Chemist: 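Here it is: the structure, laid out below.
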Amino acid sequence: MPVTLQEIDRAEWEKDAQVAQDLARIYRDAPAERLPASVERFIDDHFTQGGTFCCALFNARRLGAVAVRRETRVWWLSHFCVRAETRHRGVGSRLLMLIAERAQGEACSPRVPTTVLMMGDQLLLTRLGYHPSADGTYYEFHPLASQGGRR
């Protein structure tokens with residue numbers, strides 16, 4: 001599946017009704033325990049805090065999203081979600097790898113706080129080359145591990 005990456009900021013979300021509708025639709029498919037608030041409030045709060053969303057785009061359709069908050073040299077990823085009808089087809093894996101590639105292209109390290117992870121997320125991240133930090137507070141991407149190499 002040729003999935004591409006699209007980053008959405010507040011300006012694009014506010015000006016393009018289709019973007020806003022697609023992002024809300026993705027998160028409405030999320031299990032209730034994944035979101036700290038209603039979908040609309042979650043999205044608005046994330047933008048208010050300076051975050052963006054990275055979306056999986058396939059045939060002009062947004063199928064999945066990850067909330068991203070950028071700091072110096074680090075991209076914090078949270079709230080992964082893929083549309084229910086598209087799950088288990090590699091969209092989430094591809095999206096996380098595209099984000100890792102983009103972050104590393106900007107000399108940043110993608111990290112995921114462990115506080116937002118479910119067991120399935122931990123397994124997926126490990127399979128993709130993310131490893132827990134020494135103190136166990138986050139997972140960090142290690143590109144050699146994702147290619148079958150050593151850290």
Side-chain angles (χ1 to χ4, degrees), residues 1-71 74-106 108-132 137-143 145-148:
M1 180 180 279
V3 173
T4 58
L5 184 67
Q6 178 189 36
E7 191 164 356
I8 298 172
D9 61 13
R10 180 181 282 281
E12 187 166 4
W13 178 68
E14 288 177 344
K15 80 174 183 191
D16 189 331
Q18 188 63 53
V19 167
Q21 182 181 34
D22 288 352
L23 195 55
R25 192 174 286 143
I26 290 167
Y27 282 108
R28 278 193 199 103
D29 276 357
E33 63 272 13
R34 282 205 182 260
L35 295 181
S38 70
V39 170
E40 290 74 16
R41 182 174 178 133
F42 161 71
I43 293 169
D44 186 56
D45 286 351
H46 185 68
F47 283 132
T48 299
Q49 296 166 9
T52 61
F53 290 90
C54 284
C55 293
L57 194 62
F58 176 72
N59 288 341
R61 291 189 60 221
R62 288 164 200 87
L63 304 177
V66 174
V68 179
R69 189 176 42 83
R70 294 177 181 201
E71 292 181 358
V74 175
W75 286 19
W76 290 101
L77 313 179
S78 65
H79 301 91
F80 318 146
C81 190
V82 174
R83 294 286 317 270
E85 72 262 11
T86 312
R87 291 184 190 144
H88 307 291
R89 295 184 185 175
V91 173
S93 297
R94 180 71 179 139
L95 176 58
L96 288 168
M97 292 307 295
L98 289 169
I99 293 169
E101 290 170 9
R102 168 103 32 107
Q104 290 189 310
E106 295 183 22
C108 294
S109 176
R111 293 181 182 171
V112 183
T114 55
T115 57
V116 300
L117 294 175
M118 298 176 156
M119 182 57 72
D121 297 334
Q122 293 174 27
L123 296 172
L124 173 63
L125 289 171
T126 300
R127 186 173 50 87
L128 295 176
Y130 286 77
H131 295 281
T137 59
Y138 61 86
Y139 276 69
E140 184 169 34
F141 181 71
H142 296 281
S146 69
Q147 299 165 6

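What you see is a predicted model; the values in this text were computed from it and never measured.
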Chemist: If the plane angle is over 60° it's perpendicular, under 30° parallel, otherwise tilted; pick one for Tyr27 and Phe42.
Modeler: perpendicular

Chemist: Okay, side chain of His131, backbone of Thr126: is any donor-acceptor separation there less than 3.5 Å?
Modeler: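 No; judged by distance alone, with no hydrogens or angles, the pair does not exist.
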
Chemist: Does any non-hydrogen side-chain atom of Leu77 lie less than 4.5 Å from one of Tyr130?
Modeler: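 Yes, their side chains come closer than 4.5 Å.
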
Chemist: Would you name the heavy atoms of Val68 and Cys54 that are closest together and state the gap between them?
Modeler: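 In terms of heavy atoms, the two residues are closest at CG2-SG, 3.8 Å.
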
Chemist: When the ring planes of Phe53 and Phe47 are compared, do they come out parallel, tilted or perpendicular, using 30° and 60° as the limits?
Modeler: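 Perpendicular.
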
Chemist: Go through it in stages, so that I can follow the logic: the residues are His46 and Arg10, the test is side-chain contact (heavy atoms from CB on, under 4.5 Å), and I'd like the CA-CA distance, side-chain angles, deciding distance and then a yes or no.
Modeler: CA-CA 9 Å; His46 185 68; Arg10 180 181 282 281; over 6 Å; no

Chemist: Is there a donor-acceptor pair under 3.5 Å between the side chain of Arg94 and the backbone N or O of Leu5?
Modeler: no

Chemist: Roughly how far, to the nearest 0.5 Å, is OG of Ser109 from CD of Glu71?
Modeler: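 If we round to the nearest 0.5 Å, Glu71:CD and Ser109:OG are 11.5 Å apart.
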
Chemist: To check you understand the geometry: which heavy-atom pair defines the closest contact between Ser78 and Val66, and what is its length?
Modeler: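 Reported closest heavy-atom pair: O-CG1, 3.6 Å.
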
Chemist: Would you indicate whether the side-chain heavy atoms of Leu23 and Cys55 approach each other to under 4.5 Å?
Modeler: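 Result yes, sub-4.5 Å side-chain heavy-atom pair found.
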
Chemist: I need the minimum non-hydrogen distance between Ala56 and Leu95, along with the two atoms involved.
Modeler: N-CD1, 3.7 Å

Chemist: Once salt bridge (charged side-chain N to carboxylate O under 4.0 Å, His left out) is applied, do any residues pair with Asp16, and if so which ones, sequence neighbours excluded?
Modeler: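 By the salt bridge (charged side-chain N to carboxylate O under 4.0 Å, His left out) rule, Asp16 matches no residue at all.
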
Chemist: Within this structure, what is the CG-OG1 distance for the pair Asp44 and Thr48, rounded to the nearest 0.5 Å?
Modeler: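 Answer rounded to 0.5 Å: 4.0 Å.
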
Chemist: Flag the pair Arg89 / Leu63 as yes when at least one side-chain heavy-atom distance between them is below 4.5 Å, and no otherwise.
Modeler: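 Sidechains of Leu63 and Arg89: no contact.
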
Chemist: Run through Gln21, Gln6, Gln18 and flag the one making a side chain to side chain donor-acceptor pair (under 3.5 Å) with Arg62.
Modeler: Gln6

Chemist: Look at Glu7 together with Arg70 and state whether they make a salt bridge at an N to O cut-off of under 4.0 Å.
Modeler: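 Salt bridge flag = yes for Arg70 with Glu7.
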
Chemist: If we check side-chain contact (heavy atoms from CB on, under 4.5 Å) with Arg111, which of these qualifies: Phe141, Trp76, Trp75?
Modeler: Trp76

Chemist: Please report the shortest heavy-atom distance between Leu128 and Met97, naming the atom on each side.
Modeler: O-SD, 3.7 Å

Chemist: So how far is it from Ile99 CD1 to Phe80 CZ, rounded to the nearest 0.5 Å?
Modeler: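 Taking CD1 in Ile99 and CZ in Phe80, the distance rounds to 8.0 Å.
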
Chemist: Between the side chains of Arg25 and Asp22, is the shortest nitrogen-to-carboxylate-oxygen separation below 4.0 Å, so that they form an ion pair?
Modeler: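 Answer for the salt bridge query: yes.
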
Chemist: Measure the shortest side-chain to side-chain distance between Glu12 and Asp9 over non-hydrogen atoms and say whether it is less than 4.5 angstrom.
Modeler: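 When only atoms from C-beta onward are counted, Asp9 and Glu12 do touch, with a gap below 4.5 Å.
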
Chemist: So, using salt bridge (charged side-chain N to carboxylate O under 4.0 Å, His left out) as the criterion, who are the partners of Arg83 when residues are at least two apart?
Modeler: Asp29, Glu85

Chemist: Do the side chains of Phe58 and Val91 get nearer than 4.5 Å, heavy atoms only?
Modeler: no

Chemist: Please evaluate residues Gln122 and Thr114 with respect to the criterion side-chain contact (heavy atoms from CB on, under 4.5 Å), reporting the C-alpha separation (whole Å), side-chain torsions for both, the decisive distance (0.1 Å), and the verdict.
Modeler: CA-CA 8 Å; Gln122 293 174 27; Thr114 55; 5.8 Å; no

Chemist: Can you check whether Val19 reaches Glu14 side chain to side chain, under 4.5 Å on heavy atoms?
Modeler: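 Val19 vs Glu14: side chains apart.
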
Chemist: State the CD1-NE2 distance between Ile26 and His79, to the nearest 0.5 angstrom.
Modeler: 14.5 Å

Chemist: Ignoring hydrogens and angles, state whether a donor on the side chain of Ser93 or Arg127 is under 3.5 Å from an acceptor on the partner side chain.
Modeler: yes

